[in-house]
Amino acid sequence: MKKRLILLCCLVCCATGMMAQHTIGEQQMQDCLLQMLARFTTYMKNDFQLCQEPNSVGEACGCFRSNNTMRSNEDGVRSNADMGMVCAFLCKYARDKAELPQGVSWDDVEQMAMKSLVFAYSTHKANRLKVCSDGRYWGSVSERDHVWESSLWAMSVAYSALFLWDKLSDQQHQYIYQLLKTECNYELERTIPTGYLGDTKAEENGWEVDVLAATLALFPNDPLAPRWRQRMYDFAINSYSHPNDENNTMVVYDDKRICDLYRGANLYPDYTLQNHNYFHTSYQNVVIQELGEAALIEGLTKNPPPTPYGREGTHPQPLPNGRGAWSDSSAAKLNKLPSRTGGVGGGLHNCREVCDSVLWWLALSDGELAMPNGNDWSLFLYDQMTSYSTMACMLRDADALMLERRAFEMIRHRQNTTPDGSWLPRSDIGARRMGVQAHRVMMTWLMHHVWPTGDLQPTKWETFRRRYSAARLLPSQKVVRASTPHHFTCFSWSEGLKSYTGYFAPHQTGEFDPRKTNLIVPYKAHNTGNLLGWYEVEGRATNAVPAAEPQFELDGDRWTVHGHLLCNDGALDVRFTLHSTADNALVYTDTVRALADCTLLCEKGGLLAISEDESTSQHRRYTFGPGRVSIDDCVAITVSPAKQMKVDAPRDVNSVLTALLYTSYDDRPRHCRKGELVDCRQITFQTIW
């Protein structure tokens, strides 16, 4: 009966598309997280397949399918490791608390957990009990024989083993030990990478911390444990490493100071980072999750059973959790600490600074982090939830707790749009995305399980918004943003993967409506995208390059950017101003001249990418008038001089069905002479509800 009540509670809030996000308590969220993962077992069971042959010692095994099923690469190994870990977690924590969907039994879940774990350790280079489908083994065993990211996959295997420990034989414990030992010994040989131009090493160093912490938690008395521990601190300090660390004399362990461990910066001076050659908010936050998961596994292994080199006896000094606590990190003790201490210890090094300097300035009212440059994977994942959980549970951050609750609601809402419990209908990378998202939902539950936040009140949204309302420029990335009571606005002048685009997101309070908060989709194309749009010119590529440095002006809650672009292989000169007001308007003005004789085939200006998706609204209402359009009585755009407007049919854009609305559209060919004025437009975007 209790499980049925939990299931009913988890479904009722999303039935109408409206969510009272600020009222949910910790226990209710925990119950719902378990039920969400239980619902995901339909997807996992449909995705699982048995191996035709056992491993070389006769153990039956199986694997979760992916785009590269049973192969030794990231897609094959990570997909299997993450979903196997989630099954193992459910076996340990959810049997009496969650209800499985029809067609899935607890025996199914346990078999998937056990057989996928057997496949994972059997195909690792340390054990070589079964070859992957591509004829190789996975994993890193030395500087000469390593695979990028294998430590991240190994960390999921370690968590699976922890959850299933009492069901594993002594020999299986040994296989896990050999796998983790070789991964950690590789960490002793390799260089610690740094660098922040285009391709930060922050995230990569963060997952090296994870495998070292997991191995120390499971096998703390190994003869090499002291060296693994030192290396763990090295990687932790050099995850969110900042130029200031070079002179930071804080002692991390023994007599080692941060400046002694610092290898180089992975963050820009303003605490931003780049990955995939641009400012990428998913990578900006994920290091917090990684460092949190490293501290978490130590918190889960307080009373471990004995094993060879194993988990008996007194634990050596573990990774600090970031709140000034080291080895005895019980929830009771930690919860007595002040709410905003820590953040510069070896555990959550610079996490506080990244939040206060960057992330909180990009947080939206639904818990999403704004993406001024868009994203190169599925949108509206809210995959930063576990970073919020880390800050809330370990650093007692009330802002993070509020954002976590909102992100949780949106993940739950989107899962309820799928029939099989998958996290979104159109995954960019198939099963691997499903495994990663389930991984994060699971880790959020565990964070609250180890470090409850029942005595911590989340910040009220409007209090948070006012604190971060002022216009702010992230100078290293040339990103400007502001937050008014009506909406969040941003614009990016990206010089890595060149892009000159922005967007705005309506803000909401009280009952939350996902149809409105995600109405506008972050979108870039042809070096521009939302707000500016582009021209198509005969015989010329559709592109834009800067003719001059942008000029940013900040004034309280208002910002202005002046830009100068050469477009369409230099055929057009576009000079524009974008002004974000202190209330509800974003005003774009431009002057466009021809720099050569050319023929304009189509004008597609004043662009907004509009979601028409299962998780937002599949039936947007566009109301057109002369030089004006409104969308769902939420957003209005006015254009002067008035032109045609056009809405393209929805298409999949980063897993969201998205329609492109051109508010200044003209598909009549125009012949322009060099020096001729092509357009002089003013487009005002407003939130109106």
Side-chain angles (χ1 to χ4, degrees), residues 16-18 364-366 368 374 379-380 413-414 417 425-426 486-490 501-508 512-526 528-536 578 580-581 583-590 602-668 679 681-689:
T16 64
M18 307 290 285
L364 305 180
S365 62
D366 62 347
E368 183 63 287
L379 289 166
F380 303 159
H413 169 72
R414 194 166 188 182
T417 67
R426 291 166 297 279
H486 301 276
H487 60 204
F488 172 95
T489 63
C490 63
T501 184
Y503 75 113
F504 61 99
H507 279 158
Q508 298 187 68
F512 205 82
D513 187 350
R515 295 171 298 181
K516 295 183 177 179
T517 182
N518 289 327
L519 188 149
I520 299 168
V521 181
Y523 183 78
K524 66 177 187 291
H526 311 303
T528 57
N530 274 327
L531 306 181
L532 273 68
W534 55 81
Y535 291 88
E536 295 173 0
L578 191 63
S580 178
T581 71
D583 45 33
N584 69 335
L586 187 60
V587 183
Y588 170 85
T589 59
D590 70 7
C602 194
E603 173 191 353
K604 295 182 175 181
L607 170 65
L608 282 186
I610 307 297
S611 66
E612 297 193 8
D613 191 75
E614 299 93 332
S615 63
T616 57
S617 174
Q618 294 177 294
H619 305 286
R620 296 291 186 193
R621 184 174 68 259
Y622 298 91
T623 305
F624 292 95
R628 177 180 172 85
V629 61
S630 69
I631 311 162
D632 288 353
D633 296 324
C634 177
V635 169
I637 305 100
T638 56
V639 183
S640 178
K643 296 197 177 186
Q644 301 178 59
M645 296 185 179
K646 182 184 179 184
V647 184
D648 282 349
R651 54 180 173 155
D652 184 352
V653 175
N654 300 105
S655 304
V656 178
L657 290 179
T658 303
L660 299 184
L661 167 64
Y662 306 103
T663 61
S664 183
Y665 182 85
D666 192 341
D667 59 357
R668 297 169 297 179
D679 271 313
R681 303 172 293 187
Q682 177 171 305
I683 305 172
T684 302
F685 306 89
Q686 293 177 290
T687 48
I688 57 175
W689 55 276

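None of the values given here were measured: they were computed from a predicted structure.
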Check your understanding: Do any N or O atoms from the side chain of Arg620 and from the backbone of Ser611 form a donor-acceptor pair under 3.5 angstrom?
Key -> yes
**Study point:** Pairwise side-chain contact, Tyr503 with Thr501, heavy-atom cut-off 4.5 Å (strictly under)
**Key:** no
Check your understanding: Would you say the side-chain atoms of Thr528 pair up with the backbone N or O of Leu532, donor to acceptor, closer than 3.5 Å?
Key -> no
Practice item. Taking Thr417 for its side chain and Arg414 for its backbone only, find out whether a donor-acceptor pair lies under 3.5 Å. Key: yes
Check your understanding: Just by distance, do the side chain of His413 and the backbone of Ser615 share a donor-acceptor pair under 3.5 Å?
Key -> yes
**Study point:** Pairing residues for Gln686 by the side chain to side chain donor-acceptor pair (under 3.5 Å) criterion, not counting sequence neighbours
**Key:** none
Exercise for review: Could you pull out all residues at least two apart from Tyr588 that satisfy side chain to side chain donor-acceptor pair (under 3.5 Å)?
Suggested key: Asp590
Review point. Can you tell me if Asn584 uses its side chain to pair, donor with acceptor, with the backbone of Thr687 under 3.5 Å?
Key: yes
Practice item. Assess whether side chain to side chain contact (heavy atoms under 4.5 Å, CB included) is satisfied between Ser640 and Arg681, documenting all intermediate values. Key: CA-CA 6 Å; Ser640 178; Arg681 303 172 293 187; over 6 Å; no
Check your understanding: Under the 3.5 angstrom rule, does the side chain of Thr684 hit a backbone N or O of Ala585 as a donor-acceptor pair?
Key -> no
Exercise for review: Give the intermediate values and the outcome of side chain to side chain contact (heavy atoms under 4.5 Å, CB included) for residues Leu531 and Leu586.
Suggested key: CA-CA 9 Å; Leu531 306 181; Leu586 187 60; 3.8 Å; yes
Review point. Taking 4.0 angstrom as the limit, do Glu612 and Arg515 come out as a salt bridge?
Key: no
**Study point:** Derivation and outcome, side chain to side chain contact (heavy atoms under 4.5 Å, CB included), residues Leu661 and Ile631
**Key:** CA-CA 10 Å; Leu661 167 64; Ile631 311 162; 3.7 Å; yes
Point to revise | Backbone N/O of Val521 and side chain of Asn530: donor-acceptor pair under 3.5 Å | key: yes
Check your understanding: Do NZ/NE/NH1/NH2 and the carboxylate oxygens of Lys646 and Asp666 come within less than 4.0 Å?
Key -> no
Point to revise | ring-ring contact (aromatic ring centres under 6.0 Å, His included) partners for Phe504, two or more places apart | key: His487
Review point. Do Asp633 and Arg621 meet the salt-bridge criterion of a basic N to acidic O distance under 4.0 Å?
Key: yes
Point to revise | Salt bridge Glu603-Lys643, side-chain N to carboxylate O under 4.0 Å | key: yes
**Study point:** Main-chain N/O of Leu657 paired with Asp613 side-chain donor or acceptor, under 3.5 Å
**Key:** yes
Review point. Is there a donor in the side chain of Asp679 and an acceptor in the side chain of Tyr535, or the other way round, less than 3.5 Å apart?
Key: yes
